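Quantities reported herein were computed from a predicted structural model and do not represent experimental measurements.
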Amino acid sequence: EEEVYAEGWSWYTSRYSNCSTDLDDGTVGADFTETYLESGTMTARKIHADYSQLAPSHGEEAYLKLKFVVMLRDPVDRLFSYYQSAKADNTLDIEGCSLSTKCQEDLSSCESLTFDSWAYDQVERASACEKANSDENLWASCGDTGLFGGLYAQQIEEYLNFFNASQIAVVPMEAYTSDAPQLLTNLGSWLGLDFVRNGMTEASDLSTSEETSAGSEQMAASTRSMLGSFYEPYVKELYDVISRTDVTFIDIISLQDIFRR
């Protein structure tokens with residue numbers, strides 16, 4: 001977020017008191033956030049610029065030591081989850097929607113705003129924007145959240161403009177929910193770290209879909225099909241990015257499908 005970034009580099013590094021920008025002592029620091037990937041085209045540029053100001057360590061530029069672990073969820077499930085959360089806290093991206101003033105002021109209690117209607121409005125919005133900006137990617141020229149937040153390949157490509165593909169690993173969320181210890185062991189190997197299980201069970205007890213949650217709004221089968229068709233070429237684009245670059249795919253089984261379907 002801009003207000004956090006405005007705090008500056010000194011404030012940021014102070015959050016990691018055990019890490020040193022002067023001494024390479026093997027200590028590893030980590031950020032966990034759901035916003036870095038989709039938060040616009042300036043994020044990767046800013047990360048690169050900030051770490052580029054540090055002096056090289058052991059002859060290697062500081063920014064080249066960064067590792068990016070990208071946990072991806074089926075974009076349709078991700079969108080449904082985003083809608084439920086964002087509607088509840090009144091942060092839902094409603095550009096392209098025709099809503100009453102009352103609904104706009106309090107999205108959480110707006111009964112006329114359903115996931116199905118909102119999803120169709122967003123796909124229409126994307127189609128219109130694509131026609132008007134045919135030379136630009138949908139993300140982030142048309143939007144960087146909501147429907148557009150699931151355009152993973154375009155987001156990863158932005159990081160590839162500033163970092164090496166070997167610094168990026170893609171992890172399917174379904175692998176974590178299926179066998180978190182095995183996934184974290186595999187991820188630790190890529191990071192050069194040891195994963196200590198500490199009693200973690202195989203299943204993380206996290207559902208990969210909120211559709212079955214008690215009292216939650218349902219997604220119509222036709223809406224899921226429509227969104228699946230919308231995202232299909234972008235999922236293929238993601239496969240292409242992984243296959244033609246050194247981006248690492250980390251799973252608990254051999255690569256069959258990034259999103260279990």
Side-chain angles (χ1 to χ4, degrees), residues 1-3 5-6 33-49 68 70-87 90-101 103-104 107 113-165 168 170 219-220 222-245 247 258-259:
E1 297 179 359
E2 286 300 323
E3 57 267 28
Y5 184 77
T33 174
E34 74 279 10
T35 61
Y36 276 5
L37 191 64
E38 66 179 47
S39 57
T41 57
M42 291 301 295
T43 303
R45 184 187 302 271
K46 288 178 177 178
I47 295 172
H48 180 272
F68 299 91
V70 186
M71 182 175 285
L72 300 181
R73 186 179 191 178
D74 182 294
V76 178
D77 289 333
R78 176 210 159 272
L79 187 64
F80 188 77
S81 178
Y82 160 80
Y83 167 84
Q84 290 187 311
S85 175
K87 183 182 179 183
N90 290 300
T91 59
L92 185 69
D93 182 359
I94 56 173
E95 183 177 337
C97 300
S98 297
L99 299 173
S100 67
T101 300
C103 273
Q104 292 181 44
L107 296 174
L113 177 61
T114 66
F115 176 76
D116 294 325
S117 64
W118 176 81
Y120 276 91
D121 286 342
Q122 294 307 298
V123 171
E124 287 186 3
R125 167 190 170 191
S127 178
C129 185
E130 185 175 38
K131 291 178 181 178
N133 304 278
S134 57
D135 294 332
E136 299 182 38
N137 287 334
L138 275 181
W139 181 92
S141 63
C142 296
D144 58 16
T145 189
L147 182 77
F148 308 100
L151 305 181
Y152 304 133
Q154 296 178 4
Q155 297 159 6
I156 292 174
E157 288 276 19
E158 182 64 22
Y159 275 78
L160 290 174
N161 288 330
F162 299 95
F163 301 97
N164 295 329
I168 301 172
V170 170
M219 182 196 315
S222 57
T223 302
R224 176 172 285 281
S225 176
M226 180 269 294
L227 289 172
S229 296
F230 170 80
Y231 280 121
E232 183 178 7
Y234 301 104
V235 171
K236 290 180 178 178
E237 188 179 350
L238 175 61
Y239 276 111
D240 180 63
V241 170
I242 293 173
S243 65
R244 65 179 168 78
T245 69
V247 169
I258 295 177
F259 310 117

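Shown here are the ring pair (Phe, Tyr, Trp, His ring centres under 6.0 Å) partners of Tyr120, two or more places apart in sequence or in another chain: there are none. Here Ser100 pairs with Lys102, Cys103 under the side chain to side chain contact (heavy atoms under 4.5 Å, CB included) rule; sequence neighbours left out.
Ring-plane geometry between Phe115 and Tyr83 is classed as perpendicular, the angle between the planes exceeding 60 degrees on a 0 to 90 degree scale with a lower cut at 30.
The two residues Leu160 and Ala165 have their closest heavy-atom pair at CD2-CA, 3.5 Å. Of all the heavy atoms in Ile94 and Gln104, the pair that sits closest is CD1-CG, 4.2 Å. Residues Gly40 and Ala140 share a closest heavy-atom pair of CA-CB, 4.4 Å. Between Cys97 and Trp118, the shortest heavy-atom distance links the atoms SG-CD1, 3.6 Å.
Within the model, atoms CG of Asp116 and CG of Asp121 stand 11.0 Å from one another, a figure rounded to the nearest 0.5 Å. Atoms CH2 and CG, from Trp139 and Asp144 in turn, are 7.0 Å apart once rounded to the nearest 0.5 Å. For the atom pair Leu238 CG and Gln155 CD, the distance stands at 10.0 Å (nearest 0.5 Å). Here Glu237 contributes atom CD and Glu157 contributes atom CD; the two are 6.5 Å apart, rounded to the nearest 0.5 Å. Distance check: Gln122 CD to Cys142 SG gives 11.0 Å after rounding to the nearest 0.5 Å. If you take CG on Leu92 and NZ on Lys87, they are separated by 8.5 Å, rounding to the nearest 0.5 Å.
With contacts defined as side-chain heavy-atom distances shorter than 4.5 Å, the pair Ile168/Tyr159 qualifies.
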Under the criterion side chain to side chain contact (heavy atoms under 4.5 Å, CB included), I'd like the reasoning laid out for Leu147 against Leu138: C-alpha separation, chi angles, the key distance, then a yes or no.
CA-CA 10 Å; Leu147 182 77; Leu138 275 181; over 6 Å; no
Could you go through Val70 and Val247, starting from their C-alpha distance and side-chain angles, then the distance that decides it, and tell me whether this counts as side chain to side chain contact (heavy atoms under 4.5 Å, CB included)?
CA-CA 10 Å; Val70 186; Val247 169; over 6 Å; no
Stepwise side chain to side chain contact (heavy atoms under 4.5 Å, CB included) check, Phe230 with Leu79:
CA-CA 12 Å; Phe230 170 80; Leu79 187 64; over 6 Å; no
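Of the possible polar contacts, none joining the Ser127 side chain to the Val123 backbone as a donor-acceptor pair under 3.5 Å is found. No donor-acceptor pair under 3.5 Å is formed between the side chain of Glu158 and the backbone N or O of Ala44. With hydrogens and angles ignored, the 3.5 Å screen pairs no side-chain donor or acceptor of Tyr82 with any backbone N or O of Thr145. The closest donor-acceptor contact from the side chain of Lys46 to the backbone of Tyr5 lies at 3.5 Å or more, if one exists at all. In this structure, the side chain of Asn137 does not engage the main chain of Gln154 through any donor-acceptor pair within 3.5 Å.
A salt bridge links Arg125 to Asp93: at least one charged side-chain nitrogen sits closer than 4.0 Å to a carboxylate oxygen. Taking the charged nitrogens against the carboxylate oxygens, Arg224 and Asp77 do have a contact shorter than 4.0 Å, which makes a salt bridge. Note on Lys131 versus Glu124: no salt bridge recorded, every NZ/NE/NH1/NH2 to OD/OE distance being 4.0 Å or above. Note on Arg78 versus Glu38: salt bridge recorded, some NZ/NE/NH1/NH2 to OD/OE distance being below 4.0 Å.
Between the side chains of Ser222 and Ser225, not a single donor N or O lies within less than 3.5 Å of an accepting N or O. Side-chain contact, Asn133 with Ser141: no donor N or O sits under 3.5 Å from an acceptor N or O.
Checking Val241, Val235, Leu72 one by one against Tyr152, the side-chain contact (heavy atoms from CB on, under 4.5 Å) holds for a single residue, Leu72. Ser39 pairs with exactly one of Thr41, Leu37, Thr43 by the side-chain contact (heavy atoms from CB on, under 4.5 Å) rule, that one being Thr43.
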